[in-house]
Amino acid sequence: MTDDTVYAELGVPTVVNAAGTKTRIGGSRIRPEAREAMDRAAEEFVRLSDLQAAASDRIAEVTGAEAGYVTNGAAGALMLGAAACIAGTDPGVAARLPDTESVADEIVMPRTHRTGYDHALRTAGATIVDVGTNDATLGTGARNVEPWEYADAIGEDTAAVAHVYKSYEGPPLDEVCEIAHDHGVPVVVDAAAELPPVENLSWFTEQGADLVAFSGGKGIRGPQTTGILAGRADLIESVAAQHLDTHATESVWDPPERLLDADRFDGVPRQGVGRPLKVGKEELVGLLAALDAFLEEDHETTRGEWRDRADAVAAALAGVDGLSTTIEDGAKSVAPTVSVAVDAERAGASAAGLVLTLRREDPRVFVGADGVDEGTFAVSPMCLTDEEAEYVVERIRANLGVGDGGD
Ligand SMILES: *Cc1c(COP(=O)(O)O)cnc(C)c1O
């Protein structure tokens with residue numbers, strides 16, 4: 001919250017982030033270890049395929065998967081994963097993507113797992129086939145998806161099964177993997193925001209997932225534009241072939257064998273559907289450094305700090321007329337989060353009005369807005385310093401006409 005930021009030079013207001021790791025306001029605070037590694041990476045040239053091969057080894061080590069790849073965000077990982085499931089090591093199919101005429105291109109997924117990030121799967125050329133219903137919301141005891149529905153939907157045209165992981169959303173991943181594997185189809189898991197806990201790095205692979213996508217710019221706190229794809233070596237090989245810049249003539253095409261075995265390809269692949277999702281050496285190295293620091297971090301201490309910050313914000317806001325606070329610290333939250341209910345009449349502003357006013361300040365103050373239409377907003381401690389948390393409280397109070405000296 002100083003005036004000498006690079007953003008001030010550009011005339012762009014900074015954001016005080018009480019909303020958590022949201023891409024549209026800059027994601028997470030990149031770790032100093034990652035910044036330092038990026039700076040060092042910028043000093044030399046390196047062959048990107050060599051770097052991806054080293055990244056693959058490191059990702060395999062920490063996830064328990066056979067191989068790994070550094071992608072352009074978790075969304076990029078999903079797109080590349082879909083492309084790999086569709087094309088494998090067939091350079092003809094890969095060259096035609098996203099055109100998938102007469103190729104198995106269907107990705108089966110539960111209707112309740114559909115999100116805006118599906119677009120990443122479709123960008124590779126996939127057609128999404130929905131299964132299940134929304135019956136669990138009817139209160140009849142019915143589940144959203146039954147195992148037989150996957151089996152029924154998988155056929156000749158199926159390239160993969162997709163699963164967007166949330167701990168409260170069924171069906172259990174191991175069951176999904178079993179059904180898919182019985183039909184010879186891989187399972188791609190979107191686990192973008194599921195780190196921490198650290199154990200989740202390997203959990204999805206242990207359940208049987210063939211490819212797992214993590215965001216590098218959320219809990220890992222690596223460069224914003226990075227992601228991780230961990231999974232089966234043959235699928236990662238296909239990812240590499242469709243992502244790396246492959247402009248080369250066969251006589252001198254010499255990719256690192258442990259990432260991409262040239263002998264398995266009928267010829268040099270063309271630039272693939274993944275080529276627009278470039279990952280630079282600086283970002284790649286920064287992600288690996290962030291991953292190491294993420295593994296070394298004492299997550300219990302971090303969570304304790306988040307909880308203390310959330311408690312302090314909740315206590316300070318609870319004293320404001322028209323506001324009432326609760327702390328959500330359950331399965332649906334990555335971090336303990338303060339949920340603030342606004343009684344518009346007593347507070348003098350609605351939740352939506354307050355949220356919008358805060359966003360228009362300089363610096364902009366972003367609080368979690370998922371509940372504004374129901375009269376609530378949220379304060380996440382994840383991306384705040386203690387000082388910023390106090391500032392957020394001060395701005396909320398000021399906007400409700402409550403001074404610094406108490407109410
Ligand atoms: C954030 C998120 C993504 C996208 O991750 P990026 O690293 O920003 O590309 C995909 N899926 C889910 C469920 C997410 O929460």
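As the structure lists them, so they are numbered: ligands from 1, and atoms in each ligand from 1. For the single chain, residues carry numbers from 1 onward in sequence order. As the structure is a computational prediction, the values presented were derived from the model and not from experiment.
At a 3.5 angstrom cut-off on N or O pairs, Asn72 does not count as close to ligand 1. For Val164, no nitrogen or oxygen atom sits less than 3.5 Å from a nitrogen or oxygen atom of ligand 1, counting backbone and side chain alike. Taking distance alone, with nitrogen or oxygen atoms compared against 3.5 Å, Gly76 stays at or beyond that limit from ligand 1. Where the criterion is an N or O separation shorter than 3.5 Å, residue side chain and backbone included, Ser215 meets it with respect to ligand 1.
The closest protein non-hydrogen atom to atom 1 (C) of ligand 1 is Lys218 NZ, 1.4 Å. For atom 4 (C) of ligand 1, the nearest protein heavy atom (residue, atom name, distance) is Tyr117 CE2, 3.4 Å. Nearest protein heavy-atom contact of atom 8 (O) of ligand 1 is Thr23 OG1, 3.6 Å. Atom 11 (N) of ligand 1 has its closest protein heavy atom at Asp190 OD2, 2.6 Å.
Within the 4.5 Å cutoff, the side chain of Val161 has heavy atoms near those of the Tyr150 side chain. By the 4.5 Å heavy-atom criterion applied to side chains, Ile236 and Leu259 are counted as neighbours. Counting heavy atoms from C-beta on, the side chains of Leu287 and Ile228 come closer than 4.5 Å. Residues Ile128 and Arg114 have side chains in contact (heavy-atom distance under 4.5 Å, counting atoms from C-beta outward).
Phe366 does not carry Lys22 over the face of its six-membered ring by the limits of under 6.0 Å from the centre and within 45° of the normal.
Annotation for ligand 1: atoms under 4.0 Å from non-hydrogen atoms of Gly73 are 7 (O), 9 (O).
Taking the six-membered ring for Trp and the full ring otherwise, the centers of Phe294 and His299 sit less than 6.0 Å from each other.
Contact check on Arg58 versus Asp292 returns a salt bridge, with a Lys/Arg side-chain nitrogen under 4.0 Å from an Asp/Glu carboxylate oxygen.
In this comparison of Gly116, Gly227, Ala74, the heavy atom closest to atom 5 (O) of ligand 1 sits on Ala74.
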